[in-house]
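Have a look at the structure below, then the notes.
Owing to the predicted nature of the structure, the values given are computational and were not obtained by experimental measurement.
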Amino acid sequence: MGTEPAGGLKAAPAYTPSEMMAVTAARELKDGEVVFVGIGLPNLACNLARATHAPRLTLIYESGAVGAVPERLPVSIGDPSLVTGSLMVCSMADVFQCLLQNGRIEVGFLGAAQIDRYGNLNTTVIGSYDRPTVRLPGSGGAAEIAIHAKRTIVIAKLGARAFPGSVDFVTSPGHRYRGTSRSTRRMPGAGPVKVITDKGILEADPVSEELVLTTLYPGVSAEEVARGVGWPLAARPVVTRAVPPNPAELDLLRRVLDPEKVYLKD
């Protein structure tokens with residue numbers, strides 16, 4: 001990913017936070033990787049990476065489309081555009097058992113309603129499980145992705161409600177919960193290694209297992225990021241500054257991948 005040492009604040013960017021998130025996520029992907037992806041910004045990021053530096057990226061969708069090459073923006077994981085030209089269409093059981101649980105997925109993309117300081121994700125309930133204030137969609141395949149993918153990347157916009165100190169319910173495990181580490185539970189994947197937000201990047205610290213600030217976007221201060229989380233946010237000794245989207249990346253996002261701004265709304 002393009003970064004440079006963090007310095008003083010810069011002028012207001014000529015791109016939106018969603019565009020910055022999509023570009024930042026795309027730069028995390030390497031050519032030839034196998035990626036378990038959903039709809040929205042993760043989908044844009046994968047297709048942007050494939051159109052730029054990672055043409056051999058293999059995209060796998062929960063619905064069973066393997067090696068999908070959609071010619072238009074899919075609106076759901078069951079969109080017919082995912083089938084046309086794909087390498088294989090199989091059952092969801094095959095996707096999870098033969099590919100994900102068999103250790104063949106290198107990158108998993110996830111979002112969540114809540115993300116806590118140890119990278120635990122909640123997509124189940126807000127409030128108590130028995131009497132929630134909000135009932136959310138649930139896990140889908142997110143729990144399995146967080147456990148089995150070799151590394152997981154989370155995309156979410158900062159906010160105290162979305163980033164509490166502790167989630168209301170652990171749908172997808174992060175690195176530690178109530179004193180127990182994921183390694184103790186023998187989870188094979190690395191878990192959420194990076195959280196790409198609208199102001200910077202948080203990464204899991206190998207010692208504390210907390211999410212810490214590692215990268216700031218142009219024009220953003222560390223204090224702005226810290227205000228968006230519900231715990232005392234630590235930072236790496238050297239925080240880098242992300243390189244902004246270049247004209248080619250913005251042109252692909254705006255003109256080719258999401259011209260109607262279905263997912264690039266801010």
Side-chain angles (χ1 to χ4, degrees), residues 1-7 17-18 20-30 33 35-37 41-42 45-46 49 54 105-112 114-122 142 145-160 162-167 170 172-177 180-183 187-245:
M1 185 194 71
T3 59
E4 57 189 20
S18 291
M20 185 69 196
M21 293 170 74
V23 169
T24 302
R27 292 171 179 170
E28 293 293 332
L29 302 174
K30 302 177 181 66
E33 286 189 313
V35 184
F36 201 124
V37 63
L41 287 179
C46 288
I105 303 298
E106 291 167 292
V107 184
F109 269 111
L110 292 177
Q114 288 183 329
I115 308 167
D116 70 16
R117 68 194 300 166
Y118 294 109
N120 297 299
L121 309 179
N122 174 21
I145 293 170
I147 292 171
H148 292 281
K150 291 182 180 179
R151 75 181 192 275
T152 301
I153 298 173
V154 182
I155 300 181
K157 291 188 176 182
L158 286 169
F163 284 76
S166 180
V167 294
V170 177
S172 306
H175 300 280
R176 177 176 292 272
Y177 184 69
T180 302
S181 173
R182 69 180 289 122
S183 60
M187 297 180 187
V193 295
K194 290 191 178 184
V195 180
I196 295 172
T197 79
D198 52 332
K199 295 184 183 297
I201 300 175
L202 310 182
E203 297 184 36
D205 182 80
V207 177
S208 69
E209 298 185 301
E210 286 190 14
L211 295 178
V212 300
L213 176 64
T214 60
T215 304
L216 289 168
Y217 294 163
V220 177
S221 68
E223 290 73 22
E224 288 181 74
V225 179
R227 286 197 295 269
V229 304
W231 67 90
L233 182 65
R236 272 192 188 162
V238 177
V239 175
T240 58
R241 180 81 60 183
V243 175

Which atom of [X] lies closest to which atom of [Y], heavy atoms considered:
{"X": "Ile147", "Y": "Pro173", "result": "CG1-CG, 3.6 Å"}
{"X": "Ser181", "Y": "Glu209", "result": "OG-OE2, 3.0 Å"}
{"X": "Phe109", "Y": "Ala25", "result": "CE2-CB, 4.0 Å"}
{"X": "Gly174", "Y": "Asn120", "result": "N-OD1, 2.8 Å"}
{"X": "Ala45", "Y": "Ala22", "result": "CB-O, 3.5 Å"}
{"X": "Val107", "Y": "Ala149", "result": "C-CB, 4.4 Å"}

[X]: which residues meet the side chain to side chain donor-acceptor pair (under 3.5 Å) condition with it, sequence neighbours left out?
{"X": "Arg182", "answer": "none"}
{"X": "Glu210", "answer": "Arg117"}
{"X": "Ser166", "answer": "none"}

Student check: side-chain heavy atoms of [X] and [Y] closer than 4.5 Å:
{"X": "Leu233", "Y": "Leu202", "value": "yes"}
{"X": "Leu121", "Y": "Val167", "value": "no"}
{"X": "Val225", "Y": "Phe163", "value": "no"}
{"X": "Ser18", "Y": "Lys157", "value": "yes"}
{"X": "Glu28", "Y": "Ile196", "value": "yes"}
{"X": "Ile145", "Y": "Ile105", "value": "no"}

Cationic N near anionic O, under 4.0 Å, Lys30 to Glu106 | no

For a side-chain contact (heavy atoms from CB on, under 4.5 Å) with Thr215, tell me which candidate from Val220, Ile201, Thr24, Thr197 qualifies.
-> Ile201

Could you check Leu211, Asn122, Leu110, Val229 and say which one makes a side-chain contact (heavy atoms from CB on, under 4.5 Å) with Ile115?
-> Leu211

Is there a donor-acceptor pair closer than 3.5 Å between any side-chain N or O of [X] and the backbone N or O of [Y]?
{"X": "Arg27", "Y": "Val243", "answer": "yes"}
{"X": "His175", "Y": "Pro192", "answer": "yes"}
{"X": "Asp116", "Y": "Pro164", "answer": "no"}

Could you list the residues that satisfy side-chain contact (heavy atoms from CB on, under 4.5 Å) with Ala162, not counting sequence neighbours?
-> none

For Tyr118, all residues meeting ring pair (Phe, Tyr, Trp, His ring centres under 6.0 Å), sequence neighbours excluded = none

About how many Å separate CD1 of Ile155 and CG of Asp198, when rounded to the nearest 0.5 Å?
-> 11.5 Å

Distance, nearest 0.5 Å, that separates CD1 of Ile153 from CD of Glu203 | 10.0 Å

With sequence neighbours excluded, what pairs up with Arg151 under the salt bridge (Lys or Arg N to Asp or Glu O under 4.0 Å) test?
-> Glu33

